[in-house]
Amino acid sequence: MSPRRHSLWLPERWTASEGWACSFGILLVLAMLRQELLPADGPYGFLPFAVAVPAAMILLGRWPGIAKELDDLYEHAPCACYSLDADGRFVKANETLCAWLGVTAQELIGRRRVTEFFTPEGIEQFRADYPRFMTQGFVRDLEFELLHVNGSRRWVSVEANALYDSKGRYLRCRSVMTDITARKSAECRIQGLNEELERRVLERTAELARMTDELETFTYSLSHDLRAPIRAINATATILLEEQNRWSLAELRDGLAKIRSSSNRMAQLMDAMLALNALGSPSAPLLPYRHAALVKDALDNLLPEDSPRRAQIVVHELPDGVGNARRVQRVWENLLSNALKFTSKTPKPRIEVGCDADVFYVRDNGVGLDMRYADRILKPFERAHDGKVFEGAGIGLAIADKVVRQDGGRLWFESSPGQGTIFHFTLNGQTVAKKDMA
Amino acid sequence: MNLPSPVDVLVVDDDVDDRGLTLRALRGLAKPPTIFEAEDGEMAIEYLSRQGRFSALAGSSWPRVVLLDLKLPFRNGIEVLQAVRGEGHCPSTPIVMLTSSEHSRDMAAAYAAGANGYVVKPGTYAEYMARIRLVAEYWLDINRTPSGA
């Protein structure tokens, strides 16, 4: 059976005969009004009354049903329907709205204002928008956060028309609230994803800028710092060849030694550049390690068994860590190498290694550094000392700084000429106390 | 320390080999100039500002030209320029950068800091000799500065 179409005036319980009778009655009433068709004093003058009255009675009998249908439609609509007076007080509200607010119609109508169910931001918005609405007569797509008496919230979108009296004074609004909580939730999720994406883009851009900067430093140093030893080799060899008859054996020997040392210098620079470049980004899985073991291995590499150990090296208790042990060992190795180098001319060299509140340190009593040049010392191939006295490619501290920064930590130092130096560094990885590792 | 009398050329370079080549080239000129060598930026600043170790030179003539390397210990070439030009020492003394760097960023920084010229050190001995001689001949024989400046 095909579904019946409903209209406002023909609720579905009407029978077909009732419908026909009602229709015929209406037609007769109309005809009565057109007296030329059916004069009242004619033989059929009674017909309109005979049919119209029963038709009217049928209509009146059906009226409560129609009204009930309308009432049901209003009260239980899938949106909140309500009216407010000029003060924003509820003068009408459907059951859907009452359910959203957690109150009954009796508690609401004539007693409560709509702002009592808004957040502070919503109240401010309502106070700005409602006067304008009362003037302009309509509003569309206003969004508010609606509060239930139990504290729960939902987002709603409001559309309303204003009703005025015959003198144009505002009477009330006819408003509809639609629940847009799901949409708002999706918007928040999308916004969160966009912010996360933006953050990652900024991170990647910063990383890319850092890598580009490092590559530029690499190529700059490659072209700049290698030229000096190449030039020295070329000059010495040219002079030896062009003026060989003037040179004594000792001078010839010195020239060849200079060529050898220059080529060694080139190799040292190349190794340093490759070491700096090879660090790349940390990508190995995080594993537990012992700082004490890394320090011991670093010292074993720097001071082979058969070499004389001039410096007194004190290693205090160190915590354990989680991260890339190989990279952290590079930090220890470069800091200890630095300390050994700058205590090489100290009468009683002493180097201390320790950790204080997750800050690791390497302290020496060597020549120290002038803090005016502090900003250069961690840069690759820069020196804050006389290169003749303390040889080196100038890359060790740059490597240590790069590893620490990539781990999310920081490397800094304090020093004074003749008073030694102390290097501090932190690592972002977890520092686990020795007892926890047991 | 025996303080030098006023010289024609101040050579500022920390690399002993490059400094040796520069001196060799200058001493091979028809009229070899008098030369003073500075090994780092701090020393160059003190010399040109007549302070510290060189305060006894106050009032004497400045070099006729300075050949200044870029990468130096303690204070680099740019910092030397900024200190000397910024404080108004030897305002008429030409300071010519003599460096291995061909980077445009270094050139721009040098000129912005007050360099009068920028010369890139060649890679071979013969070119190095020839270029230093050209630079010296221009700045010592052709270029003019106020006397005593």
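Considering I351(A), I313(A), V367(A) in turn, I351(A) is the only one that fulfils the side-chain contact (heavy atoms from CB on, under 4.5 Å) rule with T343(A). A side-chain contact (heavy atoms from CB on, under 4.5 Å) with L81(B) is found for exactly one of N76(B), L68(B), I45(B), L48(B), namely L68(B).
Relative ring orientation between Y47(B) and F54(B) is described as perpendicular, the plane-to-plane angle rising above 60° on a 0-90° scale split at 30° and 60°. F425(A) and F360(A) have parallel rings, their planes meeting at less than 30° on a 0 to 90° scale where 60° marks the start of perpendicular.
Chain A is approached within less than 4.5 Å, heavy atom to heavy atom, by V120(B), K121(B), P122(B), G123(B), T124(B), Y125(B), Y128(B) from residues 115-131 of chain B, ordered by number.
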*Does the pair K258(A) and D17(B) meet the rule for a salt bridge (Lys or Arg N to Asp or Glu O under 4.0 Å), with working shown?*
CA-CA 9 Å; K258(A) 181 178 280 188; D17(B) 295 321; 3.3 Å; yes
_I'd like to know whether L240(A) forms a side chain to side chain contact (heavy atoms under 4.5 Å, CB included) with L256(A), so could you lay out the CA-CA distance, the side-chain angles of the two residues, the decisive distance to 0.1 Å, and finally the verdict._
CA-CA 9 Å; L240(A) 286 176; L256(A) 291 172; 4.3 Å; yes
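Every residue two or more places apart in sequence or in another chain that forms a side chain to side chain donor-acceptor pair (under 3.5 Å) with S101(B) is listed here: D106(B).
Contacts between R75(B) and chain A at a heavy-atom distance below 4.5 Å involve backbone atoms as well as side-chain atoms. Using a 4.5 Å cut-off between heavy atoms, T236(A) does not touch chain B at all. D18(B) touches chain A through its side chain: at least one heavy atom from C-beta onward sits under 4.5 Å away, while N, CA, C and O do not.
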